[in-house]
Amino acid sequence: MTKKSLLVFGLFLTISTAFGQVKSDTIKAKILEPITVQGILERNGLSRLEPIVGTYIFTGKKNEVISLTQMDANLTDKTGRQIFAKVPGVFVYDMDGSGNQINISTRGLDPHRGWEFNIRKDGVLTNSDMYGYPASHYSMPLESIERIELVRGTGSLQYGSQFGGMLNYVSKQGDTTKSIHFESYNTVGSFNLLSSYNAIGGKIGKIKYYAYISKRSRDGYRRNEHTDYDAESIMITYQANKNLSLRMEWARSNYVYRIPGPLTEAMYNTDPRQATRSRNYFNPAINIPSFLLKWNILDKTKLQYTSSAVIGNRNSVMFDKPATIKDTINTTTGQYNSRQVDIDNFNSYTNELRLLRQYRLGKQESSLAMGVQLMNNDLHRTQQGKGTTGSDFDLTLVNPQWGRDIHFKTQNVALFAENSFKLLKNLSANIGARLESGESKMLGNITYLPIDRIPFNLKHRFVLLGSGVSYKPTSFIDIYGGWSQTYRPMIFKDLVPTEIYEKVDPNLKDADGYNTELGFRGNWKFLKWDITGFLLQYNNRFGTIAQTDENDQLYTYRTNIGNSLTKGVEFFIQGNWTLNNKTELSIFTSSAIMDGKYTSGSIKSGSVNISIDGNKIESVPGIISRNGLTFRFRKFSLSGLYSFTGDSFADALNTVIPAANGSIGIVPSYGIFDLNTTIKISEKLEIKGGLNNLTDKQYFTKRPLFYPGPGIWTSDGRNGAISFIVRI
């Protein structure tokens, strides 16, 4: 039976079960006495983390908690602007086709696979390799996620050094009141979308468990675009006693995405749905095993130990040329030209031991969180292999030699501590530090470089400091602020020349900087708000300049090109009105105004270096605004969302007129309307539906310079989906 047949069968089974359940519920309703419940459950979809959660301190930190189970949104297609609608300033980068991965950033950072974030699933690190390739290639089904926790940059000391902070996807746990609970989430939609997510969970004695299987198939908005996706996970928790629990989990995701190729400016203007490639494929296959121990040693002392790994591959086979070069039959051979094969093998291991101690300081209770994190990673990158002339997904090499065959091995230890001092009943101050010490070693071969240019050792030695404050003059107002240093190590792509005519600065420095913010949040009667001003300093940004050697030969020099500063205001304001005991209305705005500029630096343009001092940072819109309305009546809800993203530049030179190949130029502003609805027929049956991009707006979010290819990548036009959810 094919994958498509399995998906159709899963959908048929769900609908059949659903109609049977409706009939059963109807019969039961005639037997039971009617019960009237006064009031409405507040379903805002957004909340804040408590000051102390487990072994983590969140006092005085900018944070958001997004509840996916209470949201009208397209979870199957992972529509980022809907998922993060109430988080001000989230930039969504549409890159790998809808439903595959979410690529986001905040405060003007790079959104590529979220690699400026410390990304976690249930507290377990999912970034592929923090020191070699920090992108997160793992892609869980959002149907499996209960909530998303986002802690901005000033909270980074407890997690890692990332500029963006921490992004944690928290899985569902199943119904622990039952020994077995079943959930089936099946979706059909535009472009032949078929998706089936099926999960079981429950509690038997001291053991809780949750497991799922997810499959998804979808053509794309553009021609030649297609995705086949599957994911599995099993989580088992043993509650030995009230103070000790152990959790084991294994999660996997895998998808094959047929890439339609970049478009030139002329192609996009003529037909934004056309494709320039039919033989290009991308395939990340990632496994994440983990073990977690939680132990309440004493009444006020908690210990947590996590051991995890990211093991898998990032595979691609592509005719990797600009859109101006067509992929056509070679008239000499009568076949297509060979494609390029690239394979990354990730072997990343992390062990983390954390301790939280709450203690009395005067009349108030303060908290100390501290720990140690060990990383041992081996990124084996094999690139520029000569692939087949075929059209299917095939990683076979016709020549066994790789253009690059490199191991990038890193060992790193980090010590961290943060103390929250409760100075007064309503005033807390935090101070923290993170010390990292490690070494990366590169070994291997690059065919276009002398062998003595490859081996090198790179040491990581740095100390990060941070502080914060929280003042609550009343029970419903919190004034908070913080400052924290951040760091981004030189990764593989910064260190390896792309060609013989490129050299890497031997004095290349790691990027560093800081986040600082001041916020005012609270709630009063029907109103909720969070308004924050921020500064993000980013030093030693990576780039290229032009140089000449002793023979006056021009070459490209990869080095630190300069510094930048992004400043802005983020604000979330929401009003909730209970019209009667059956009806509720909610209106919100979630927006950010940003100004990101280079404060120094120069980059290569042609054969000369040009100053970029005062230029705007690429992919930093001046405004990102999302505004929504939700109407609820009994078990029916309807949500409308308008998302606006201002224009931005694609390059640091701030090129206005687009290049012919579409890789640089203005990225125009765009506004998108979405409509989603939920009908909760009973506790066991729910239907969700939605229409994305109601006005069929033609737009794109970024002009990438590297993967998936330089040029324009059209985002989805109007499309819809309907989901049937059964819980038994």
Side-chain angles (χ1 to χ4, degrees), residues 6 10 13-14 17 21 53-54 65-71 73 75-76 78 83 102 119-126 136 138-149 167-187 195-216 229-242 244-254 286-295 304-312 683-686 688 723-728:
L6 286 171
L13 179 63
T14 301
T17 305
Q21 184 61 47
V53 179
V65 180
I66 306 164
S67 175
L68 298 190
T69 59
Q70 299 180 16
M71 179 182 292
L75 299 184
T76 300
K78 299 180 182 177
I83 305 301
I102 295 179
I119 301 181
R120 301 189 173 213
K121 176 185 180 294
D122 302 314
V124 172
L125 198 66
T126 67
S136 180
Y138 173 69
S139 178
M140 78 290 286
L142 288 187
E143 295 94 330
S144 71
I145 301 301
E146 179 181 285
R147 65 184 185 274
I148 302 173
E149 300 170 345
L167 185 62
N168 185 31
Y169 293 85
V170 181
S171 299
K172 295 176 179 176
Q173 299 297 309
D175 188 345
T176 56
T177 65
K178 300 178 180 179
S179 60
I180 184 168
H181 174 257
F182 172 72
E183 180 182 42
S184 186
Y185 198 120
N186 295 277
T187 306
S195 174
S196 183
Y197 168 86
N198 297 278
I200 58 171
K203 183 178 180 182
I204 303 173
K206 294 184 177 182
I207 295 177
K208 295 187 296 183
Y209 67 95
Y210 188 77
Y212 67 76
I213 296 176
S214 179
K215 290 187 178 294
R216 180 178 175 277
Y229 165 90
D230 62 275
E232 302 83 28
S233 175
I234 181 168
M235 179 192 298
I236 299 174
T237 303
Y238 175 65
Q239 191 72 45
N241 53 53
K242 66 177 183 179
L244 178 65
S245 69
L246 299 92
R247 188 190 79 197
M248 293 183 293
E249 182 178 4
W250 170 78
R252 171 185 175 272
S253 73
N254 173 70
I286 305 296
N287 292 273
I288 301 181
S290 66
F291 170 79
L292 172 66
L293 180 147
K294 291 184 178 181
W295 182 19
Q304 178 175 306
Y305 169 68
T306 306
S307 180
S308 64
V310 178
I311 304 170
E683 291 299 319
K684 298 182 178 181
L685 175 62
E686 189 174 323
K688 289 180 177 287
S723 301
F724 302 88
I725 307 156
V726 172
R727 301 180 180 95
I728 303 174

Ile236 vs Ile207, side chain to side chain contact (heavy atoms under 4.5 Å, CB included): CA-CA, chis, key distance, verdict = CA-CA 7 Å; Ile236 299 174; Ile207 295 177; 3.8 Å; yes
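- The closest side-chain heavy-atom distance from Lys208 to Met235 is not below 4.5 Å.
- With respect to Ser196, the side-chain hydrogen bond (donor to acceptor under 3.5 Å, both in side chains) criterion is satisfied by exactly one of Thr76, Asn186, Thr187: Asn186.
- Distance check: Ser253 OG to Met140 CE gives 8.0 Å after rounding to the nearest 0.5 Å.
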Go through the steps to decide whether Glu149 and Arg120 satisfy the test side chain to side chain contact (heavy atoms under 4.5 Å, CB included), and finish with yes or no.
-> CA-CA 10 Å; Glu149 300 170 345; Arg120 301 189 173 213; over 6 Å; no
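- With contacts defined as side-chain heavy-atom distances shorter than 4.5 Å, the pair Tyr229/Ser214 qualifies.
- Between Ser233 atom OG and Lys121 atom NZ the span is 4.5 Å, to the nearest 0.5 Å.
- At least one donor-acceptor pair closer than 3.5 Å links the side chain of Lys206 to the backbone N or O of Ala240.
- Contact between Gln173 and Tyr210 at its shortest, heavy atoms only, is C-CD1, 3.8 Å.
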Check the pair Ile204, Tyr209 against side chain to side chain contact (heavy atoms under 4.5 Å, CB included), reporting the backbone distance first and the verdict last.
-> CA-CA 8 Å; Ile204 303 173; Tyr209 67 95; 4.2 Å; yes
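- Aromatic ring orientation, Tyr197 versus Tyr212: tilted (interplanar angle from 30° to 60°).
- Side-chain N/O atoms of Ser136 and Thr126 include a donor and acceptor closer than 3.5 Å.
- Ile145 contributes atom CD1, which lies 9.0 Å from atom NZ of Lys172 (distance to the nearest 0.5 angstrom).
- The side-chain heavy atoms of Leu75 and Ile83, taken from C-beta on, include a pair separated by under 4.5 Å.
- Taking 4.5 Å as the limit, every side-chain heavy atom of Tyr238 sits out of range of all side-chain heavy atoms of Met248.
- Between Glu183 and Ile725, the closest heavy-atom pair is OE2-CG2, 4.1 Å.
- Between the CD1 atom of Ile66 and the CD1 atom of Ile148 there is a distance of 5.0 Å, given to the nearest 0.5 Å.
- Note: Ser245 OG to Leu293 CG = 7.0 Å, rounded to the nearest 0.5 Å.
- The number of heavy atoms from other shown groups lying within 6.0 Å of CG (Leu246) is above 12.
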Given Arg727 and Glu683, is the side chain to side chain contact (heavy atoms under 4.5 Å, CB included) satisfied, shown in steps?
-> CA-CA 7 Å; Arg727 301 180 180 95; Glu683 291 299 319; over 6 Å; no
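- A donor-acceptor contact shorter than 3.5 Å links the side chain of Asn168 to the backbone of Gly123.
- Contact of the Glu249 side chain with the Asp122 side chain is registered, since non-hydrogen atoms from C-beta on lie closer than 4.5 Å.
- Rounded to the nearest 0.5 angstrom, Arg252 CZ and Ile286 CD1 are separated by 10.0 Å.
- For the 3.5 Å distance criterion, the side chains of Ser139 and Lys78 qualify, holding a donor opposite an acceptor.
- Across every non-hydrogen atom of Asn241 and Leu244, the tightest pair is OD1-N, 2.9 Å.
- At least one side-chain heavy atom of Ser195 sits less than 4.5 Å from a side-chain heavy atom of Glu143.
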